[in-house]
Amino acid sequence: MKSYSQKLQLKLTIEFAIFFIIVSAVIYLFTTDKFETDLKEKFEYKASIFANYLEQNPQFFWKDSIDNKELLKRLAELNNAEYLVIENSRGKLIDAINLDVAEKYLYIRSDVEGGISADKQIYRIAKPVYPTKILAGKFYAGFKAYEQISKLERIKLLTALFSLTVLLSGIIITYILSLLSFRPILAIIEALDRTIKGNYTIKIKYEGKNELGLLVDKINDVLDELQKKAENNEKLDQKITDVLRERLSEVGAEISEQEYAKKILRKSEEQFKLLFENAPIGMVIISSEGRIMSINKSFCDTLDYSNDELLGVPIKYLFEKDEIPFFITKNSKNESVIRISDINAEKRLIKKDGKEINVMVKCVGVEDDYGDIDHYIMQLLDITAIKKAQHELIKALERAEQSDKLKTAFLAQMSHEIRTPLNVILTSIPLFEDLIPQGDDEMKVILDSVKSAGKRLHRTIDMILNMSSVQSGNYKPHYESFSLSDDLKKLTEEFRPLSEDKGLTLNFTNLAGSTFVIADRYTVNQIFQNLIGNAIKYTQKGFIDIILREQPNKKLKVEVRDTGIGMSKEYLQNIFTPFSQENTGHKREYEGNGLGLALVKKYAEINHAEIHVESEKGRGSVFCVVFDREIDLSVLKNLDSSEKIENK
């Protein structure tokens with residue numbers, strides 16, 4: 001029995017030692033990894049400054065030379081860069097700062113051996129440069145990092161020492177606690193071994209008042225009885241044996257009952273303790289006098305106090321004045337006690353450093369068998385960060401609203417400042433045309449170019465303003481009932497001269513019965529002006545067909561088909577993205593700003609319509625717009641007063 005107890009004690013010590021080893025390792029790995037990550041992010045940020053500067057000046061890579069090297073040197077000095085080497089996409093050296101230092105630290109191997117140098121003086125980084133989606137070149141940078149690296153090494157050493165301290169302390173404490181816990185059991189086992197051998201004179205010495213002490217007392221009583229009976233004659237042996245058996249039976253039954261009750265109580269206490277200690281929110285047990293009896297780790301962490309600093313302290317000292325309602329009352333014994341009202345509200349607590357924090361507090365009283373308050377259980381959750389986040393969100397919303405107002409004012413001002421002189425230029429061109437001498441073809445070509453450029457600029461401004469109005473929610477649709485067929489006929493006739501000038505066939509076909517829809521007429525017309533205009537612009541020969549079809553579920557579909565240049569499958573994924581174009585650069589064949597189809601998508605959403613596109617390079621495109629004849633009632637409820645519906 002003694003050997004088994006010692007084995008159990010050793011097993012418990014080893015298990016707790018393994019636990020503290022794991023805890024120490026986690027502390028060390030987590031802490032060092034965090035500081036290494038912070039160091040890396042710091043130098044990655046400095047490197048991004050060079051990357052941004054080079055991406056904004058792609059001409060360095062086109063010309064293989066640095067125009068303003070002094071500015072680059074100044075940028076390197078401001079960011080503590082020891083060297084900077086710039087290469088083009090072919091690996092050719094464009095320029096460098098402190099090339100000898102860079103070669104000393106083998107800058108060319110930064111791609112595979114980046115980070116801290118071998119002498120722990122430099123932090124090396126290599127980054128590609130993408131002014132566009134195409135790689136323009138690469139740069140290598142080395143930053144002075146001796147102080148940061150030294151600090152990191154010190155942190156690693158201190159963390160290792162702290163982890164080792166935690167490990168050794170845990171093992172020592174575990175061993176001491178195991179010795180203290182198993183000492184009474186070992187004493188009882190030794191005494192029982194002596195009793196088994198027939199020695200009744202030596203009693204078990206144990207002064208505890210718990211169930212184990214009661215068991216020891218009963219065993220000592222039995223030993224006393226045995227000793228007394230042993231002194232009597234042999235005639236009383238049978239009677240002594242019977243009495244002993246009876247008493248042992250009673251003791252066994254009592255012990256069984258007590259052990260069962262003890263097991264239930266211990267299990268309940270362990271469950272409560274586990275819940276109390278590991279609760280993610282702060283928990284504190286308060287006496288009926290209003291003093292702290294027990295606290296968990298979350299409560300200590302919230303207020304930055306240690307457990308010893310808070311035990312016995314009146315709970316009211318931790319709250320802002322008058323935050324906790326206390327009052328004096330009488331208990332069942334007519335004694336004056338402090339009573340705390342039940343709380344379930346937001347309160348303010350004072351941390352160890354004097355700062356206030358906002359918490360959600362829940363406090364309830366626990367009564368004893370007489371109906372008096374035995375103690376209070378208080379729970380609290382720190383919501384300071386939540387309150388701060390709410391405040392930041394409100395401020396961010398205010399800044400966003402202010403930014404939106406500034407953007408609207410800016411666009412309105414730019415519209416006025418650009419449109420006013422542009423209108424003067426466009427209205428003056430016919431006057432200049434009348435003044436051109438007949439036969440002066442060169443001047444006529446110049447004026448035609450000015451007129452074309454002015455109209456193009458005017459369209460671009462209109463599209464930017466329209467896109468801004470839609471994206472900011474300032475555009476208020478005016479829903480009404482109108483004939484989609486009639487409007488498409490008018491648009492077809494408006495575009496017919498333009499299509500005939502290019503030798504194209506423009507047709508409109510109505511295959512539907514009733515063509516009335518409820519929609520915003522202006523944006524619907526803008527949708528098809530853009531689609532028909534694009535079809536004519538990107539079609540060199542062939543036809544453009546506009547077909548109106550009947551669809552199930554009270555829907556109408558409009559198809560705009562052309563035999564133009566078509567689009568690739570890759571570009572179709574970004575076709576409705578603002579400012580996106582399949583062909584970019586100064587040598588693109590067709591003019592445009594990439595806003596037309598983005599506006600078409602937005603206008604379709606305003607009218608609760610669906611838009612789809614099918615296209616093949618060199619074979620043309622088909623744009624399909626599907627309208628609901630009637631708007632859903634749930635949509636009608638969300639319309640502003642300006643979004644009313646008119647029936648015609």
Side-chain angles (χ1 to χ4, degrees), residues 132-134 456 459-460 463-464 466-467 470 484-485 487-488 491-492 494-496 498-512 519 523-552 555-628:
T132 61
K133 293 183 178 180
I134 300 175
R456 179 179 177 183
R459 288 194 304 272
T460 301
M463 283 189 175
I464 293 174
N466 289 339
M467 178 61 74
V470 171
L484 191 58
S485 175
D487 284 26
L488 289 174
L491 288 174
T492 303
E494 289 177 7
F495 280 99
R496 193 174 300 282
L498 181 61
S499 64
E500 290 177 351
D501 289 344
K502 293 187 68 174
L504 304 174
T505 302
L506 180 62
N507 300 316
F508 170 69
T509 305
N510 180 13
L511 301 179
T523 53
V524 170
N525 277 273
Q526 288 295 310
I527 289 173
F528 293 110
Q529 279 188 1
N530 275 284
L531 294 180
I532 298 172
N534 281 351
I536 294 174
K537 180 168 72 172
Y538 294 109
T539 303
Q540 302 301 325
K541 60 180 180 178
F543 62 86
I544 295 97
D545 283 343
I546 305 166
I547 305 171
L548 180 59
R549 301 180 186 273
E550 190 88 27
Q551 293 290 296
K555 294 180 182 290
L556 286 175
K557 181 171 76 172
V558 181
E559 298 178 2
V560 180
R561 296 177 173 270
D562 65 62
T563 58
I565 61 175
M567 293 169 285
S568 63
K569 293 182 180 179
E570 292 78 11
Y571 178 65
L572 287 178
Q573 299 176 358
N574 302 316
I575 190 172
F576 296 115
T577 303
F579 302 105
S580 66
Q581 293 177 313
E582 186 171 14
N583 296 318
T584 59
H586 299 292
K587 297 182 180 180
R588 55 194 175 98
E589 184 177 355
Y590 300 96
E591 67 175 47
N593 50 37
L595 283 175
L597 290 178
L599 272 171
V600 166
K601 179 67 173 178
K602 292 292 183 181
Y603 287 155
E605 292 174 355
I606 287 174
N607 290 284
H608 314 288
E610 300 175 6
I611 183 167
H612 309 283
V613 59
E614 298 177 2
S615 184
E616 186 176 349
K617 200 73 172 176
R619 292 182 176 272
S621 304
V622 180
F623 284 85
C624 299
V625 186
V626 181
F627 294 92
D628 288 322

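Not measured: the values here are computed from a predicted model.
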For this session: State, yes or no, whether a side-chain contact exists between Val524 and Leu484 at a heavy-atom distance under 4.5 Å.
Result: yes
For this session: Using the test side-chain contact (heavy atoms from CB on, under 4.5 Å), find all partners of Asn510 that sit at least two apart in sequence or belong to another chain.
Result: Ser485, Phe508, Ala512, Thr515, Leu548
Exercise. Taking atom CG of Asn607 and atom OG1 of Thr523, what is their separation to the nearest 0.5 Å?
Worked result: 3.5 Å
Exercise. When rounded to the nearest 0.5 angstrom, what is the spacing between NZ in Lys537 and CD1 in Ile532?
Worked result: 14.5 Å
Problem set entry | All side-chain hydrogen bond (donor to acceptor under 3.5 Å, both in side chains) counterparts of Asp545, not counting sequence neighbours | Asn507
Exercise. Near Leu511 CG, under 6.0 Å, is it more than 12 heavy atoms from other residues, nucleotides or ligands?
Worked result: yes
Problem set entry | Check: Ile134 main-chain N/O paired with Thr132 side-chain donor or acceptor under 3.5 Å | yes
Problem set entry | Nearest-0.5 Å distance that lies between atom CG in Asp628 and atom NE2 in His608 | 9.0 Å
For this session: For Glu494, enumerate each residue passing the salt bridge (charged side-chain N to carboxylate O under 4.0 Å, His left out) test, keeping only those at least two apart in sequence or located in another chain.
Result: none
Problem set entry | Qualifying residues under salt bridge (charged side-chain N to carboxylate O under 4.0 Å, His left out), relative to Glu616, sequence neighbours excluded | Arg619
Problem set entry | Value rounded to 0.5 Å, distance of CD1 in Ile606 from CD1 in Ile527 | 8.5 Å
For this session: Check whether any side-chain heavy atom of Val622 sits under 4.5 Å from a side-chain heavy atom of Val560, and report yes or no.
Result: no
For this session: Not counting sequence neighbours, which residues clear side-chain hydrogen bond (donor to acceptor under 3.5 Å, both in side chains) with Asn525? List them please.
Result: Asp487
Problem set entry | Gap separating the CD atom of Glu610 from the CZ atom of Phe627, nearest 0.5 angstrom | 11.0 Å
For this session: Would you please test Phe623 and Ile575 for side chain to side chain contact (heavy atoms under 4.5 Å, CB included) and show each step?
Result: CA-CA 12 Å; Phe623 284 85; Ile575 190 172; 3.9 Å; yes
For this session: Would you indicate whether Gln551, at its atom CD, is surrounded by more than 12 heavy atoms from other residues, nucleotides or ligands within a distance under 6.0 Å?
Result: yes
Exercise. For Ser499, which residues count as a side-chain contact (heavy atoms from CB on, under 4.5 Å) partner, sequence neighbours excluded?
Worked result: Arg496, Leu504, Leu506, Ile536
For this session: Output all residues satisfying side-chain contact (heavy atoms from CB on, under 4.5 Å) with Ser615, sequence neighbours left out; order by chain, then residue number.
Result: Met567, Leu572, Ser621
Problem set entry | Selection residues 556-566 - residue pairs positive for salt bridge (charged side-chain N to carboxylate O under 4.0 Å, His left out), sequence neighbours left out | Arg549-Glu559, Lys557-Glu559, Glu559-Arg561
For this session: State which residues pass side-chain hydrogen bond (donor to acceptor under 3.5 Å, both in side chains) with Thr563; sequence neighbours excluded, sorted by chain then number.
Result: none
Problem set entry | Val626 side chain near Leu556 side chain, heavy-atom distance below 4.5 Å | no
For this session: With rounding to the nearest 0.5 Å, note down the distance linking CZ in Phe495 to CG in Leu491.
Result: 6.5 Å
For this session: Apply side-chain hydrogen bond (donor to acceptor under 3.5 Å, both in side chains) to Glu605 and list each qualifying residue two or more places apart in sequence or on a separate chain.
Result: none
